[in-house]
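Each chain gets a letter, A, B and so on, in the order the sequences are listed, and its residues count up from 1.
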2 protein chains.
Amino acid sequence: MASSKRVTLAQVAELAGVSVMTASYTYNQPGRVSDQARSKVLEAAERLGYAGPDPSARSLRRGSTQTLGVVLGEHLTYAFDDPGAVAFLAGIAEVCAGRGYGMTILPITGAPDDVPRVTGAAVDGFIVWTTSDDDPVLAAVRATKRPAVIHGGPAVRGLELVTVDNRAAAAAVGVLAFAGARRPAILSFPLSRERVSTIGRAADLPHATFPVTRERLQGYRDAAERTGFAWDDVVVAVCARNDAAEAERLAATLLGSADPPDAIAAMGDQQAAGVLAAARAAGCAVPDDLAVTGWDDAEVAARLGLTTVAQSLREQGAVCAQVALGQQTSPRAARWSLVRRSSTRSSTGRGAR
Amino acid sequence: MASSKRVTLAQVAELAGVSVMTASYTYNQPGRVSDQARSKVLEAAERLGYAGPDPSARSLRRGSTQTLGVVLGEHLTYAFDDPGAVAFLAGIAEVCAGRGYGMTILPITGAPDDVPRVTGAAVDGFIVWTTSDDDPVLAAVRATKRPAVIHGGPAVRGLELVTVDNRAAAAAVGVLAFAGARRPAILSFPLSRERVSTIGRAADLPHATFPVTRERLQGYRDAAERTGFAWDDVVVAVCARNDAAEAERLAATLLGSADPPDAIAAMGDQQAAGVLAAARAAGCAVPDDLAVTGWDDAEVAARLGLTTVAQSLREQGAVCAQVALGQQTSPRAARWSLVRRSSTRSSTGRGAR
DNA sequence: CTGTTAGCGCCTTCAC
DNA sequence: GTGAAGGCGCTAACAG
């Protein structure tokens, strides 16, 4: 039945005894073709083992691929490990599926071939997961001139941006973390793509090229100053990612130091969960000996009673997709809110809640 | 600088004063072009705002898209929620990134347009996440004649299959679950795409069209019979998915019944975690009052001390990708092993471990 | 309802 | 190192 070579629409049309267009219509606008012609075409297709119109040829002709590209920063595994990133992807997928679009994941490895792989992806638009100011992929995406939306940051001229106001949210949650504390500390996402772990004074921090990290640090600084601290007094531990295990290790180090913190604002709920584990191990009562805050309001935050910043990454993913598809423009800043639970001190006195 | 219309290689070549082929070589085989010609081309491209070779045209001409399609069953959100599925995707992504391939996620919604969306995806091959015998997407994938690998099942003529021996593994873990028990029960994945929750006798189960579910049920049956039970005596609760919350609800119902089970074999670790939560709520000691087993050896299994079936979904994802890329063929059955922890009774007497 | 024409943008082939 | 021709497989646009 099937020939070994690729079967084309022209061959099907010939065998069916109709023109190529009739065969094409049979697949694309079946209602426009007579029953008779249609069945002849389908029968011929069956006989030849025709696989259906070739997607690449169709894309070329139509000028659209019906696919959106999603650029995920280095370490795809970590992206999938992060419940926030996963929710974001689910939001994109929902919109894509609803509009008949596919969704191409473009994993970035850090190797030089990232750029051609992104540029060469057959997609109608891009969604870029938070990255650093200096990520070469940003320029590559812009160079394609296809619609592109960046989530989180950085803001790039000509590309859309969907994000919460990280600085404001960090300031708000930071106040909850630091209120009533004497030695505030921060558990930070990496500052730059090198992703090294460090512990040090806030004043000694090198410039952060991840805008999301940078803005949250600024917000925590606002919070520290608002609650009576100098930025220099704040200890900042930098993690390589939003991961409980590493956070636990760093938190254990902090808590075991000569001058342990009594408040830790973390940039992610997974990190905060690690901090709670370290606190338990150290015999530290939360929130009395140690206040802890997270970020994202993931499932773990509710389970552990974490005070955190709530935002819907899923919804933001959906918005990114809509913007990339041109269904929506100029999204105002995404919504966020504070979720106050038992991991922070009550500002009106102990046990006030 | 940039014109509003799409810029083509021919226009770049013309402005650069070279032939189209020289321009093409500049992008694809830079070494083959003189420095002079190359810089003229790149300058012209810059001036015109040329976005680089069009991916669809290139795919058509080359006959390959450099992308793999991954078909994820209904409810993409759930897929991302399932740590096993996520590990599987990470394994695929790893191989894809390493070979310069993209990875297109094809979410299945259950709507009739699933088939054209899958068929029409510009991909070189497919990886299909476990589905039911009657899923129309299977036929569609096969009809494309592109390489395709199914994970888990069903086995389809002409398509590759990567899976563990579910029946054997279920029999093995089932023996651990049921040993020393008097009223064995099973917490099952859905039987068919309808995904309804039910509780009933094993003998009354309708035919399962999800082969993975079916084979695991058969294995548990083997285990039940091997440990002295008739299949009719086994209670089976069917969940809509591998999710802790739903499992907890069903387990609570089981444990609150007139004749509560004292052993529950679950098809997933998340489900098993839900069972443990229900047991705790019901004041049921594990494993003495209730033995519990899971499946996958996810992170939660280690944390909760669950006896479970270990398999590397990540590795299986990688294998699927390699097979789909034609780098590997006829994969033998994937490896699995038993991980015995504290959620099951010791076969040599209490506390033997 | 069916057919003809004319490319979509690029790259393989083969010549120079 | 460079170029001319031709066509990958399909469908928009326009007849009839």
Side-chain angles (χ1 to χ4, degrees), chain A residues 3 5-42 44-45 48-66 116 119-124 144-146, chain B residues 3 5-42 44-45 48-66 116 119-124 144-146:
Chain A
S3 69
K5 252 316 196 189
R6 175 179 244 145
V7 182
T8 71
L9 199 53
Q11 295 170 46
V12 172
E14 187 180 1
L15 178 60
V18 299
S19 78
V20 196
M21 278 321 298
T22 300
S24 178
Y25 289 141
T26 301
Y27 287 94
N28 297 304
Q29 308 174 45
R32 197 172 157 175
V33 170
S34 68
D35 291 358
Q36 194 190 19
R38 186 172 46 229
S39 56
K40 275 194 299 187
V41 169
L42 293 176
L48 293 173
Y50 179 60
D54 180 84
S56 296
R58 174 180 268 176
S59 294
L60 174 59
R61 185 61 246 233
R62 297 228 245 241
S64 106
T65 61
Q66 302 277 98
T119 313
V123 299
D124 292 341
T144 66
K145 301 202 169 165
R146 287 172 259 176
Chain B
S3 70
K5 253 313 194 192
R6 175 179 244 143
V7 182
T8 71
L9 199 52
Q11 295 170 45
V12 172
E14 188 181 358
L15 177 59
V18 299
S19 78
V20 193
M21 279 322 301
T22 299
S24 178
Y25 290 141
T26 301
Y27 287 94
N28 298 304
Q29 307 174 45
R32 196 172 157 175
V33 170
S34 66
D35 290 358
Q36 192 189 21
R38 186 172 47 230
S39 56
K40 274 195 297 185
V41 169
L42 292 177
L48 293 173
Y50 179 60
D54 180 84
S56 296
R58 173 182 267 176
S59 293
L60 174 58
R61 186 62 247 236
R62 297 229 244 243
S64 109
T65 61
Q66 302 277 96
T119 312
V123 299
D124 292 341
T144 66
K145 301 204 169 164
R146 287 171 260 177

Nearest whole angstrom, please: distance from the [atom2] of [N] to the [atom1] of [X].
X	N	atom1	atom2	result
B/L60	D/dT11	CG	P	12 Å
A/D54	C/dC8	CG	C1'	13 Å
B/R146	D/dG9	CZ	P	13 Å
B/E14	D/dG3	CD	P	13 Å
B/L9	C/dC8	CG	C1'	14 Å
B/Y27	C/dC10	OH	P	9 Å
A/Q66	D/dT11	CD	P	12 Å
B/N28	C/dT13	CG	P	14 Å

- Message: If the cut-off is 4.0 Å, is B/S19 near the phosphate of D/dA4, judged by side-chain N/O to OP1 or OP2?
- Response: no

- Pairing residues for B/S64 by the side-chain hydrogen bond (donor to acceptor under 3.5 Å, both in side chains) criterion, not counting sequence neighbours: none

- Message: Under the rule for salt bridge (charged side-chain N to carboxylate O under 4.0 Å, His left out), what residues qualify as partners of A/R61, not counting sequence neighbours?
- Response: none

- Which residues pass the salt bridge (charged side-chain N to carboxylate O under 4.0 Å, His left out) test with A/R146, sequence neighbours left out? none

- Sequence neighbours excluded, the answer for side-chain contact (heavy atoms from CB on, under 4.5 Å) partners of B/S56 is A/S59, A/L60, A/T65, A/A122, B/D54

- Item | With B/Q29 via side-chain contact (heavy atoms from CB on, under 4.5 Å) - residues at least two apart | B/Y25, B/R32

Interface polar pairs with nucleotides 12-16 of chain D, N/O, under 3.5 angstrom:
residue	atom	partner	partner atom	Å
D/dA12	O4'	A/R61	NH2	3.4

